[in-house]
Amino acid sequence: FFLMIRRPPRSTQSRSSAASDVYKRQTPKSPNSNMKLYTMDEVAEHRSYNDAWIVLHGKVYDVTEYLDVHPGGGQLVMQGVGTDASDLFEEAHKYVNAHYLLSDFHIGFLKQK
């Protein structure tokens with residue numbers, strides 16, 4: 001569904017320092033950040049190939065530009081567009097850190113009811 005692997009550049013850091021940096025990169029931003037909160041209704045309005053938003057684990061992503069580069073094709077991603085696709089994503093990619101892979105597409109957080 002969202003398989004794309006980005007490898008961080010190799011460095012000369014110690015292992016513990018490098019592990020700490022990886023943790024910081026992979027830790028989702030807090031909903032208290034400056035990013036906007038969206039409702040599911042707002043996300044659902046963006047479900048076309050030219051305007052595609054998706055929710056994964058409470059984070060909202062605009063994946064419009066990602067559709068053409070997804071290794072499995074954009075139509076696979078479109079199955080979850082406009083919805084909370086967390087379960088769908090986990091079925092296909094239990095081992096993939098979506099927050100890291102899609103960090104460039106992160107636009108906000110899902111507003112809790």
Side-chain angles (χ1 to χ4, degrees):
F1 181 82
F2 279 107
L3 182 59
M4 183 172 87
I5 300 174
R6 294 188 334 190
R7 296 182 187 265
R10 293 188 180 218
S11 74
T12 57
Q13 294 180 303
S14 70
R15 285 189 92 155
S16 61
S17 175
S20 175
D21 288 347
V22 167
Y23 176 77
K24 288 176 190 170
R25 279 197 314 269
Q26 294 180 353
T27 303
K29 293 177 184 174
S30 163
N32 296 328
S33 73
N34 294 329
M35 297 191 108
K36 185 171 179 192
L37 295 175
Y38 295 96
T39 65
M40 263 325 292
D41 289 339
E42 288 175 302
V43 172
E45 293 174 9
H46 303 271
R47 57 178 179 230
S48 72
Y49 203 86
N50 295 320
D51 183 23
W53 290 14
I54 201 163
V55 174
L56 294 174
H57 306 291
K59 294 176 87 172
V60 179
Y61 299 92
D62 179 347
V63 294
T64 308
E65 293 181 20
Y66 184 69
L67 296 174
D68 291 331
V69 297
H70 181 266
Q75 289 305 318
L76 288 175
V77 179
M78 287 299 296
Q79 293 174 17
V81 165
T83 70
D84 183 338
S86 301
D87 291 339
L88 184 61
F89 180 87
E90 291 299 324
E91 285 177 24
H93 300 303
K94 294 177 185 170
Y95 56 91
V96 175
N97 185 331
H99 303 300
Y100 177 67
L101 291 178
L102 298 173
S103 62
D104 292 342
F105 305 102
H106 182 211
I107 59 170
F109 295 92
L110 186 62
K111 187 175 185 178
Q112 301 301 316
K113 293 180 182 181

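Closest approach of Val81 to Val63, counting heavy atoms only: CG2-CG2, 4.4 Å. Residue Pro71 comes nearest to Tyr66 through the heavy atom pair CD-OH, 4.2 Å, listed as atom of the first residue, atom of the second, then distance. When all heavy atoms are compared, the tightest approach of Leu56 to His99 is O-CE1, 3.6 Å. Closest non-hydrogen pair, Val60 versus Trp53, comes out as CG1-CE3, 4.0 Å. Nearest heavy-atom pair, Ile54 versus Val77, reported as atom, atom and distance to 0.1 Å: CD1-O, 4.3 Å. Closest heavy-atom contact between Met78 and Leu67: SD-CD1, 3.8 Å.
No donor-acceptor distance shorter than 3.5 angstrom exists from the side chain of Glu91 to the backbone of Leu88, with no hydrogens or angles considered.
In this structure, Leu110 and Met40 have side chains that are in contact, with non-hydrogen atoms separated by less than 4.5 Å.
When only modelled atom types and interatomic distance are considered, Asn50 and Ser48 share no side-chain donor-acceptor pair under 3.5 Å. Judged purely by distance below 3.5 Å, without hydrogens or angles, the side chains of Asp84 and Ser86 pair a donor atom with an acceptor atom.
Both Val69 and Phe89 sit in one connected hydrophobic cluster of ILVMFWY residues. Membership requires side-chain heavy atoms under 4.5 Å apart, directly or through other members. Hydrophobic clustering, with ILVMFWY side chains joined whenever heavy atoms are under 4.5 angstrom apart, keeps Val55 apart from Leu37. Cluster membership check: Tyr61 does not share its hydrophobic cluster with Val43, using side-chain heavy-atom separations under 4.5 Å among Ile, Leu, Val, Met, Phe, Trp and Tyr.
Checked against side chain to side chain contact (heavy atoms under 4.5 Å, CB included), Thr83 has the following partners two or more places apart in sequence or in another chain: Ala85. Residues passing the side chain to side chain donor-acceptor pair (under 3.5 Å) test with Glu90 are His57, sequence neighbours excluded. For Glu45, the side chain to side chain contact (heavy atoms under 4.5 Å, CB included) criterion is met by no residue, not counting sequence neighbours. With sequence neighbours left out, Asp68 forms a side chain to side chain donor-acceptor pair (under 3.5 Å) with Tyr49.
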Worked verdict on Asp62 versus Thr64 for side chain to side chain donor-acceptor pair (under 3.5 Å): CA-CA 6 Å; Asp62 179 347; Thr64 308; 2.6 Å; yes
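We find the CD1-NE2 distance between Ile107 and His46 to be 7.0 Å, quoted to the nearest 0.5 Å.
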